[in-house]
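Keep in mind that the numbers below use all heavy atoms, side chains included, and drop hydrogens, waters and symmetry copies. Letters go in sequence order (proteins before strands), and every chain restarts at 1.
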Number of protein chains: 2
Amino acid sequence: MPLSHDSRYLKGGPVAKRIIAAVREDAAIAKAAGFPPKLISITVGDTAAVDVYVRNQRAKAQLAGIDFEERRFPATITSGELEAAIHGLNADPRVTGIIIQRPVPAHIPIRTLQAAVHPLKDVEGMHPASIGNIVYNQLDLAPCTAAASVELLKETGLDLKGLEVVIVGHSEIVGKPIAFLLMSEGATVTVCHHITRSVAAHARRADALFVAVGKPRLIKADMVKPGAAVIDIGINSEIGPDGSSRIVGDVDTESVREVASWITPVPGGVGPITVAILLRNTMVALSRQRALYEATYGTADRLAAE
Amino acid sequence: MPLSHDSRYLKGGPVAKRIIAAVREDAAIAKAAGFPPKLISITVGDTAAVDVYVRNQRAKAQLAGIDFEERRFPATITSGELEAAIHGLNADPRVTGIIIQRPVPAHIPIRTLQAAVHPLKDVEGMHPASIGNIVYNQLDLAPCTAAASVELLKETGLDLKGLEVVIVGHSEIVGKPIAFLLMSEGATVTVCHHITRSVAAHARRADALFVAVGKPRLIKADMVKPGAAVIDIGINSEIGPDGSSRIVGDVDTESVREVASWITPVPGGVGPITVAILLRNTMVALSRQRALYEATYGTADRLAAE
């Protein structure tokens, strides 16, 4: 594997490992103080497509000392019944974080579910209020893939202040949150998408280029500024000439790595960090719940003394 | 007044008038259906600085047939007391919208107050959940100044899809919301700020340039692309050579109007529309409250029949 010998590759594994080790310390401290972290994973209907992700989340949660419990609901459940189940989890003090595995069946509006999760238990950072808090510069709890992408950029050591950043892809949970996260860090951010007149013209002036559109090998070497950092968030399945399938990103890695100073491999770049961020978010959510608890009850002595 | 004869000026007055006329119709219909709109304005401490704004809001609300009531609190009030007052207004079915006039005294955290307003009564569009909803492409309730600025751009008739937009200023309630509003409309958006390496280089490639930084005459003619639309959101007080003070924007209007195809006068551009948007937001908020009411009670027959 030549990857491991090439400093141009921004690999997610070591970053994820570091984050999980820090989470493990936090989780142990919280547990000792009477606040054990616990994640509930919700899957609806046919879960074959997500099983591998859920298994991975469970394994990483165990590694971090975070309790992980699965709740599986049938495809026939109504949106109202699911919301009620989520409200029940919101009200359960043993549950400190809720994950809604996607996709859900077509008759369930995913946004309604995401909004039903209490913002203080929203470890995926998907609730509108969580998104809004990022805009208000509260950056510690963001959608996992967006936060993972920013972590990788930070690995380069580049100064984010004044950095020219171009993001290709303006989805609500990846492209846009990356934009606010980096605006808050002082970067100058441009967001491009499928209607942009010339993505290439924008991409070529980027010190850091994020790509999240789901188009295999969209970004070629001539679209990248020499010395740039390229963060590839795409995950596409490609059938090779021999009929075998493999995973490729939105960036033509082989050609772009000759131009860029840093590039993320796919797989092995953003992906591994995403789960680590989910666990880090779990501890952020827990510490907010704990702060609320302590603000509510911590004044009991004072009240009794009054 | 040469302004009124020059088609290059994007004047806010006519746009505001049109919006208020539409609100007036909506308000009358809602009132007839048993849902009268009512705004509560909250001022804290010394209100001299905001009195002129509040008076204007009251006058425009009356014009639109929206009830407007002022609540004044002393500068000595605690943040907790104010939050309790807001929670009381949230729970009052006669109150359909709450405005927190800024500034508030330094000991009151404005963001806590904004977050205390129920999202369904957040006519200023300042609650984190309101901001997050814009990111999720629900564009009908946005911070007033941001929405007003976008209204003025729409007046040009330019196709927003693929439009190259540059925003100078990345505040949470103006620059950033303009960015999401226009991303959702298909524009390619760049957000610049005081750390940006070359604001001029970005500004010069913009089809539409928004400026909201509070620096008098920051944008000169040589920073503007010929034919661009320039939306000036700055409001600065300038002392003239004769010692008199006047209001100027962030754009050097006299020189820029020779280059730009459209430019907003200051005052008289974005300002008048801002209040109109506040009233339009009031009707959006009311219709969401009404939808919730009807979803809750409209099923009574069905429940009784089961």
Side-chain angles (χ1 to χ4, degrees), chain A residues 80 110-112 114-115 119 122 125-138 141 143 146 159-173 175-177 179-180 182-199 201-202 205-207 295 299, chain B residues 80 110-112 114-115 119 122 125-138 141 143 146 159-173 175-177 179-180 182-199 201-202 205-207 295 299:
Chain A
I110 181 74
R111 275 198 56 198
T112 308
Q114 288 165 343
D122 176 33
M126 299 283 198
H127 191 285
S130 301
I131 301 277
N133 282 331
I134 307 171
V135 176
Y136 276 116
N137 300 311
Q138 188 179 329
L141 201 158
D159 186 359
L160 301 186
K161 291 200 196 327
L163 199 72
E164 288 286 336
V165 173
V166 172
I167 299 161
V168 185
H170 68 335
S171 77
E172 294 86 7
I173 56 172
K176 288 184 192 176
F180 329 139
L182 291 174
M183 280 179 207
S184 290
E185 302 265 14
T188 302
V189 180
T190 300
V191 179
C192 301
H193 43 70
H194 62 287
I195 316 177
T196 295
R197 282 186 220 144
S198 173
V199 170
H202 284 288
R205 60 174 180 73
D207 299 324
T299 52
Chain B
I110 180 73
R111 275 198 56 196
T112 307
Q114 286 165 344
D122 176 33
M126 298 283 199
H127 190 286
S130 303
I131 301 278
N133 282 331
I134 307 173
V135 176
Y136 276 116
N137 300 312
Q138 188 179 331
L141 202 158
D159 186 0
L160 301 186
K161 292 200 195 324
L163 199 74
E164 288 286 337
V165 173
V166 173
I167 299 161
V168 185
H170 68 334
S171 78
E172 294 84 8
I173 54 171
K176 289 184 191 174
F180 329 140
L182 291 174
M183 280 178 206
S184 291
E185 302 265 14
T188 303
V189 180
T190 301
V191 179
C192 301
H193 41 72
H194 63 285
I195 315 176
T196 295
R197 282 186 219 142
S198 173
V199 171
H202 284 288
R205 62 174 179 73
D207 301 322
T299 52

Task: Side-chain heavy atoms of B:Ile131 within contact of B:Glu172, under 4.5 Å - done: no
Task: Straight-line distance of B:Ile134 CD1 to A:Lys176 NZ, nearest 0.5 Å - done: 9.5 Å
Task: A:Gln114, part contacting chain B, at a heavy-atom distance under 4.5 Å - done: side chain
TODO: Go through the atoms of B:Ile167 and report whether side chain, backbone, both or neither lie under 4.5 Å from a heavy atom of chain A.
DONE: neither
TODO: Would you mind checking which part of A:Lys161 comes under 4.5 Å of any heavy atom in chain B, side chain (CB onward), backbone (N, CA, C, O), both or neither?
DONE: both
Task: Side chain / backbone / both / neither for A:Val189 at chain B, heavy atoms under 4.5 Å - done: backbone
- [ ] Name the option with the most non-hydrogen atom pairs under 4.5 Å to chain B; the candidates are A:Ser171, A:Pro177, A:Ser130, A:Gly162.
- [x] A:Gly162
Open item on the list: Let me confirm one number: the CD1-CD distance from B:Ile195 to A:Glu185, rounded to the nearest 0.5 Å.
Closed with: 10.0 Å
- [ ] May I ask you to name which of B:His170, B:Arg205, B:His127 has the most heavy-atom pairs under 4.5 Å with chain A?
- [x] B:Arg205
Open item on the list: I'd like to know if the side chain of A:Asn137 and the backbone of A:Ser184 have a donor-acceptor N/O pair within less than 3.5 Å.
Closed with: no
Task: Step-by-step side-chain contact (heavy atoms from CB on, under 4.5 Å) determination, B:Arg197 to A:Leu163 - done: CA-CA 8 Å; B:Arg197 282 186 219 142; A:Leu163 199 72; 4.1 Å; yes
- [ ] Answer with side chain, backbone, both or neither: which region of A:His194 has an atom nearer than 4.5 Å to a non-hydrogen atom of chain B?
- [x] neither
Open item on the list: Could you check whether any side-chain heavy atom of B:Thr188 comes within less than 4.5 Å of a side-chain heavy atom of B:Met183, counting everything from C-beta outward?
Closed with: no
- [ ] Please state whether the side chain, the backbone, both or neither of A:Ala115 comes within less than 4.5 Å of a heavy atom of chain B.
- [x] neither
